[in-house]
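Working notes for the structure below.
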Amino acid sequence: MSIRKRLTPILAATALSGVAFAAPASAQSVEELQRQINALQNQINDLKKNEKKDDSGSDLNVKWKGAPELSSKDGKFKMKVRGRLYVDYGNVSADDAAGNSLDADKVDGTEFRTARLGVEGVVFKDVKYKFEADFAGDEVEVKDAYLEWKLKPVSVMVGQFKTPNSLEEQTSSRYITFMERGSFTDAFSLSRQTGIALNYVDNGMTFKAGLFQGDAASGGDKQDRTYAARATYGAKFDGALVHVGASVRYRELDEAGTVRYRQRPHNHQASRYVNTGNFAVDNDTFFGLELAGRMGPFSAQAEWAWQSADLVAMDDNASFNGGYVDLSYFLTGEERGYKKGAFSRVKVKNPVFEGGMGAWQIAARYDVVDLTDNEALIDGGKQETWILGVNWHLNNYTRVMANYSHSDIEGGADDGTDVDTFGLRFQVDW
């Protein structure tokens with residue numbers, strides 16, 4: 001409030017007093033009038049001091065989103081330290097086709113699955129930046145490292161980020177239902193690369209397309225070039241959410257281009273039992289379909305993907321495929337978050353720190369990846385897996401996960417092998 005507005009009632013009261021007591025004022029001593037003038041001047045000075053304090057006050061707003069988010073009052077600048085920590089326990093046992101235990105493949109241990117630290121923010125309101133590095137495994141690996149120019153509903157991204165493929169891959173590991181993503185996402189090497197992409201988000205629709213070449217860890221004079229695009233639509237009907245989507249990726253490999261498609265059972269500490277080995281290709285193409293639904297605490301999700309590789313050794317393509325379908329349910333009534341074509345954070349109704357029981361979710365999934373193409377004489381094997389999971393969200397940023405999986409291996413070098421895994425994860429992000 002300006003000084004003029006603050007002084008208005010005081011000056012009005014003074015004027016009225018002057019009118020009401022004009023006659024007696026002539027009889028007052030000069031000293032009394034001076035005291036009244038001095039008192040009024042002191043009030044004016046105090047108001048001026050307060051006005052200066054208001055004008056020079058802090059321009060900093062602080063919001064807590066797992067960690068403090070700092071922003072200017074006009075919203076033009078934001079900055080937040082971000083990170084995540086996953087501590088995993090894994091137990092893996094495997095039997096060969098004859099039912100004999102594979103002692104060399106047994107696992108009973110722990111690992112830091114993820115230990116990330118980074119920063120994100122906004123500069124002059126329309127430029128977003130993000131940088132994260134992972135320190136798990138005594139190595140430093142750059143993850144997201146990009147800037148994004150927002151021109152709503154369109155934005156342009158430049159830097160290292162995930163190629164736009166797969167609902168499961170675009171959903172952060174902080175929000176996926178199971179400890180590990182669907183098998184095909186790793187088998188077909190969906191990952192972060194360095195590039196430029198155009199992103200469109202409006203009225204439930206998303207479209208993202210980009211050109212990529214190399215990543216933060218790659219070097220050399222020649223790098224594979226990747227073209228990728230994804231389109232989704234998410235709509236609500238009577239409280240239910242339906243998501244549909246499709247994506248494609250085309251990779252041109254360099255002159256010495258070789259690929260290898262392989263995958264573990266659903267624990268990161270397990271060995272790989274389906275594996276094509278290295279073979280030479282000119283290029284490969286990924287195509288995936290997505291379907292998901294959410295109705296209150298109930299959620300269903302499914303994807304199917306194909307990978308085709310143009311073989312150098314013969315005038316033919318090798319084709320592989322994989323997919324999953326899962327169901328999940330929150331016993332405590334929460335629902336999965338959804339934003340911009342991917343699942344997002346769960347809002348816990350009764351957090352443990354407030355005396356509640358947190359959010360409890362149960363889930364089941366069937367997952368398959370087939371890395372065998374007999375016509376191309378590539379026998380990488382087929383892995384079918386059943387997974388059961390329980391997730392306990394203590395609050396919006398902390399959860400405990402428990403997964404059991406059973407995998408059957410058909411074909412390949414480990415034909416007939418059965419693998420059982422059990423995993424625990426203690427997770428926090430900020």
Side-chain angles (χ1 to χ4, degrees), residues 1-6 47-85 116-135 140 142-164 170-175 192-212 215-216 230-232 234 337-347 395-398 428-430:
M1 183 180 293
S2 66
I3 293 177
R4 178 178 294 179
K5 291 183 179 180
R6 292 174 176 173
L47 287 173
K48 287 182 177 180
K49 290 180 181 179
N50 291 334
E51 180 98 302
K52 289 181 180 180
K53 289 180 179 179
D54 291 341
D55 291 340
S56 60
S58 175
D59 187 35
L60 182 66
N61 287 334
V62 180
K63 292 182 180 179
W64 283 89
K65 295 183 176 180
E69 179 185 83
L70 310 179
S71 64
S72 60
K73 287 185 177 180
D74 59 11
K76 290 184 178 180
F77 298 89
K78 292 183 180 180
M79 192 277 286
K80 176 181 180 292
V81 176
R82 55 179 291 130
R84 67 189 74 172
L85 179 64
R116 291 189 200 176
L117 189 61
V119 65
E120 66 177 345
V122 174
V123 178
F124 286 110
K125 201 170 186 177
D126 56 1
V127 177
K128 176 183 177 181
Y129 64 89
K130 181 178 177 182
F131 175 83
E132 272 191 331
D134 198 327
F135 300 87
V140 179
V142 175
K143 293 295 187 178
D144 288 323
Y146 64 82
L147 60 88
E148 180 178 7
W149 185 20
K150 296 182 178 181
L151 302 168
K152 294 181 180 180
V154 176
S155 66
V156 180
M157 298 178 67
V158 181
Q160 176 164 289
F161 48 92
K162 289 182 179 180
T163 63
Q170 296 304 305
T171 298
S172 170
S173 63
R174 296 169 294 169
Y175 314 135
R192 291 174 174 85
Q193 296 186 43
T194 302
I196 181 170
L198 182 70
N199 193 24
Y200 171 86
V201 180
D202 192 37
N203 294 326
M205 297 182 61
T206 75
F207 176 77
K208 189 173 184 178
L211 169 64
F212 304 84
D215 57 37
R230 177 176 181 252
T232 72
Y338 179 85
K339 185 178 182 181
K340 298 180 180 178
F343 285 105
S344 58
R345 191 178 302 277
V346 173
K347 295 182 180 180
N395 52 58
N396 292 352
Y397 299 90
T398 310
V428 64
D429 74 274
W430 58 91

TODO: Kindly give the heavy-atom pair with the smallest separation between Lys65 and Lys80, and that separation in Å.
DONE: O-CE, 3.1 Å
Task: Atom pair CG/CZ of Asn396 and Arg174 - distance to nearest 0.5 Å - done: 12.5 Å
- [ ] State whether the number of non-hydrogen atoms from other residues, nucleotides or ligands found under 6.0 Å of Asn203 atom CG is greater than 12.
- [x] no
Task: Neighbour count above 12 (heavy atom, 6.0 Å) for Lys143 NZ - done: yes
Open item on the list: As a quick check of understanding, evaluate side-chain contact (heavy atoms from CB on, under 4.5 Å) for Phe212 and Gln160, giving each step before the final call.
Closed with: CA-CA 9 Å; Phe212 304 84; Gln160 176 164 289; over 6 Å; no
Task: Closest contact, heavy atoms only, Thr194 versus Ala216 - done: OG1-N, 3.8 Å
Open item on the list: Restricting to non-hydrogen atoms, name the atom on Trp430 and the atom on Gly66 that form the minimum distance, rounded to 0.1 Å.
Closed with: CB-O, 3.5 Å
- [ ] Mind running side-chain contact (heavy atoms from CB on, under 4.5 Å) on Val156 and Asn199 for me, showing each step along the way?
- [x] CA-CA 6 Å; Val156 180; Asn199 193 24; over 6 Å; no
Open item on the list: So that I know where these two stand, are Phe124 and Phe77 an aromatic pair - ring centroids less than 6.0 Å apart?
Closed with: yes
Task: Non-hydrogen side-chain atoms of Asp126 and Leu151 separated by less than 4.5 Å - done: no
- [ ] Nearest 0.5 Å please: distance from the OG1 atom of Thr206 over to the CZ atom of Arg230.
- [x] 5.5 Å
Task: Check ion pair Asp144-Arg82 (N to O, under 4.0 angstrom) - done: no
Task: Nearest heavy atoms of Gly195 and Phe161, plus distance in Å - done: O-CE2, 3.7 Å
Open item on the list: Looking only at the side chains, is there a donor atom on one of Gln193 and Thr163 sitting less than 3.5 Å from an acceptor on the other?
Closed with: no
Open item on the list: Does this structure show an ion pair linking Glu132 with Arg84, if we count only N-O contacts that are shorter than 4.0 Å?
Closed with: yes
Task: From Ser155 atom OG to Trp149 atom CH2, the distance as rounded to the nearest 0.5 Å - done: 11.0 Å
Task: Ring-ring centroid check Tyr175 Tyr338, cutoff 6.0 Å - done: no
Task: Value rounded to 0.5 Å, distance of NZ in Lys128 from CE in Met157 - done: 7.5 Å
Open item on the list: side-chain contact (heavy atoms from CB on, under 4.5 Å), that's the test. Do Val142 and Asp215 meet it? Break it down for me.
Closed with: CA-CA 9 Å; Val142 175; Asp215 57 37; over 6 Å; no
Task: Over all atoms of both residues, closest heavy-atom pair of Pro153 and Asp202 - done: CB-CB, 4.0 Å
- [ ] State, yes or no, whether a side-chain contact exists between Gln170 and Phe343 at a heavy-atom distance under 4.5 Å.
- [x] no
TODO: Enter the distance from Lys78:NZ to Ser72:OG here, rounded to the nearest 0.5 Å.
DONE: 9.0 Å
- [ ] Taking all non-hydrogen atoms of both residues into account, name the closest pair between Tyr129 and Val123 and its distance.
- [x] CE2-CG2, 3.8 Å
Open item on the list: Just verifying a value: how many Å separate Asn61 CG and Glu69 CD, rounded to the nearest 0.5 Å?
Closed with: 10.0 Å
- [ ] Report the C-alpha separation of Asp134 and Val140 in whole Å, then their side-chain angles, then the decisive distance to 0.1 Å, and conclude whether the side-chain contact (heavy atoms from CB on, under 4.5 Å) test is met.
- [x] CA-CA 6 Å; Asp134 198 327; Val140 179; over 6 Å; no
